[in-house]
Asker: 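Just dropping this structure here.
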Amino acid sequence: MIDLDLVRREPEKVKENLGRRQVPQYLELFATVQAADNQWRRLHQEGDRLRKRRNELSRALGEARKKGEDAKELSEEAQGLPDKLTEVERLERTSQETRDRTLMRVPNLLETSVPYGKDDRDNATVATWGEVPKPSFPLLSHGELAEKLGIADFDRARRASGAGFFYLEGALAQLDLALQRFALDLILAKGFRLVAPPLMLRRAPYEGVTDLSDFENVMYKIEGDDLYLIATAEHPLGALHLGDLLEEEDLPIRLTAATPCFRREIGGHGVDQKGVFRVHQFQKVEQFVFCRPEDSDRIHEELRANAEDIFQKLRVPYRVVNVCTGDIGTVAAKKYDIEAYFAKQGAYREVVSCSNCTDYQARRLGIRMGKRGKPGKVVPHTLNSTAVATSRAMAVILENYQNADGTVTVPEVLRPYMGGVERIAPPALRPKAETVATGDAS
RNA sequence: GCUGAGGUAGCCUAGCCCGGUAAGGCGCCGGCCUUGAAAGCCGGUGGGGCAACCCCUCGGGAGUUCAAAUCUCCCCCUCAGCGCCA
């Protein structure tokens, strides 16, 4: 939620910023907020006058009664007040609710360095790393390859849970865990604190960390309870400090978590034909930071560098894009995507999303900043970034690391997490050598 | 799920039975004192419309009343015990 004070003091600036997103509806929302706020202020003043009179009369009546005096005139005026006041207060509340509800739908203000544009074609590439591979044999898609290797079962997953789910088996299940352990070790070495958060959240905190429209489109709701399955660890990590007063000297607070993520993605892109690229459930290691406003730009770069570090160590070529004004989500003020190069697809695809949410989430969550127990007016900033989403990382590794003989080389940095194995081999080519993983118990 | 106890400002607590300006402590800020500090003493320290001044705030809502932290009803949440359970 953006600062209401800013809406009042610098409406033109806010309007200009919202306009950069090129969604006319946002300007309409903004106009609604302004109108409702003006109305509320008028009604609030009128209510104040009536409440003041009520207090005066109450006090006078109390006095008179104590002294045993006759206060018929006062009493008559007092009796007429509540009806008037009730009506004014009803209108007051209505306009306030309209204002606040609408304000919740107004997106975050964008940083000036966000490139202007309409959709993902206007995202600006700000960095590239690694050499794009030139395969010397026909590549398989990661889904086909995983099936041939006998390390994933999409058909049975569909039978059990529907499209968009998968069974990982043997070496691929191990690769999934290896990626998480590798990423966690790397992030923890940079001073983050490991958190195992709840995988379900109530609606109220959830409204603090996400776009309201996500509830219908993205979130899985638990029937019979006020609970939603998390779509990313970003959400419970943000909600960790719901309503808290953060000590300024404790900031920045750097958190990481490895959790499953659950996404319906209805009305969005849907689910890919076969594979793990776009699915309803996947594992992700996340970075999350609460910090002082003046530090968030620097820490945004830090989170991005951490994520880049992971893909460099995995030796996966990628590029970094600065997501443009028309493509960025409602919560972020600035967002980098890291897009890995997928050898079979011959294209860069998103594997990391790294956002500076400035004060937008923290204000919705009721988080404040203070010095030595004294609450201040300043709202801290929040940032989040993927470290690794294993579904996407597994897909790119399978595509890029496949060999002509049908095996897949295990990236070097992951081998310590997979018992030292170097290759994943299909059942037919599965030798007894202990350097080749099958994922079966040895 | 059942029973009980609770939810008061950044934190802790009183007030509730018996309706009439939300008291006190801690912490924090300022002042006095001091070579400096601590202690002690004095003052300040929730939010909103804001210029004054006023209004609001006791988990949320509804009701009774001229007037509700206080009385009535509904709901939410937390804790404890019991039950169930990996």
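Chain letters run A, B, ... following the sequence lines, proteins first, then strands; residues in each count from 1. What you are looking at is a predicted structure, and each value in this text was computed from that prediction instead of being measured.
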Asker: Between A:E249 (CD) and B:G27 (C1'), how many Å, whole number?
Answerer: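 After rounding, the reported distance stands at 13 Å.
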Asker: Counting heavy atoms from C-beta on, name the nucleotide in B:C54, B:A62, B:C77 closest to the side chain of A:R202.
Answerer: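 Among B:C54, B:A62, B:C77, the one nearest the side chain of A:R202 is B:C77.
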Asker: Looking only at the side chain of A:W40 (C-beta and beyond, no hydrogens), which of the listed nucleotides B:C54, B:G10, B:G48 gets closest?
Answerer: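 Nucleotide nearest to A:W40's side chain: B:G48.
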Asker: Go through the structure and list residues passing salt bridge (Lys or Arg N to Asp or Glu O under 4.0 Å) with A:D297, not counting sequence neighbours.
Answerer: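 Applying salt bridge (Lys or Arg N to Asp or Glu O under 4.0 Å) to A:D297 gives none.
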Asker: Using whole Å, what does the distance between atom C1' of nucleotide B:C53 and atom NZ of A:K52 come to?
Answerer: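 Atom NZ in A:K52 sits about 7 Å away from atom C1' in B:C53.
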Asker: Only Watson-Crick and G-U wobble pairs with both distances less than 3.5 Å should count. Give RNA chain B in dot-bracket notation, marking inter-strand partners with |.
Answerer: (((((((..(((.......[...)))((((((.......))))))((((...))))..(((((..]....))))))))))))....
Asker: Under 6.0 Å from the six-membered ring centre of A:F215 and within 45° of its axis: does the NZ or CZ of A:R203 meet both?
Answerer: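 Cation-pi check for A:R203 and A:F215: passes.
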Asker: Remember a base hit wins even if backbone is also touched, and classify A:R368 as base, sugar-phosphate or nothing at under 4.0 Å, heavy atoms.
Answerer: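 Sugar-phosphate, backbone atoms only, no base.
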Asker: For A:H300, give me all partners under ring-ring contact (aromatic ring centres under 6.0 Å, His included), at least two apart in sequence or on another chain.
Answerer: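 Per chain and number, A:H300 pairs via ring-ring contact (aromatic ring centres under 6.0 Å, His included) with A:Y336.
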Asker: Check whether NZ of the Lys or CZ of the Arg A:R392 lies under 6.0 Å from the centre of the six-membered ring of A:F277 and within 45 degrees of that ring's axis.
Answerer: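 Yes, A:R392 lies over the aromatic ring of A:F277.
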Asker: Kindly indicate, with the supporting measurements, whether the criterion side chain to side chain contact (heavy atoms under 4.5 Å, CB included) is fulfilled by A:L212 and A:R105.
Answerer: CA-CA 7 Å; A:L212 299 179; A:R105 308 198 87 100; 3.9 Å; yes
Asker: Taking it one step at a time, do A:E301 and A:R304 satisfy salt bridge (Lys or Arg N to Asp or Glu O under 4.0 Å)?
Answerer: CA-CA 5 Å; A:E301 299 301 324; A:R304 170 188 153 188; 3.4 Å; yes
Asker: Looking only at side-chain atoms of A:R51, point me to the closest of B:A62, B:C56, B:G10.
Answerer: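 Per side-chain heavy atoms of A:R51, the pick is B:C56.
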Asker: Within this structure, what is the CG-to-P distance between A:L245 and B:G46, rounded to whole angstrom?
Answerer: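 Spelled out: CG on A:L245 to P on B:G46 is 14 Å.
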Asker: Which residue, A:H44 or A:E89, contacts RNA chain B at a nucleotide closer to its 5' end, judged by nearest heavy atom?
Answerer: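 That would be A:H44.
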Asker: Measure from the side chain of A:D48, starting at C-beta and using heavy atoms only, and say which of B:G10, B:A62, B:C55 lies closest.
Answerer: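 That would be B:C55.
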Asker: Taking only side-chain N and O atoms of A:R53, does any of them lie within less than 4.0 angstrom of OP1 or OP2 on B:C54?
Answerer: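 Answer no for this pair, as no side-chain N or O of A:R53 is under 4.0 Å from OP1 or OP2.
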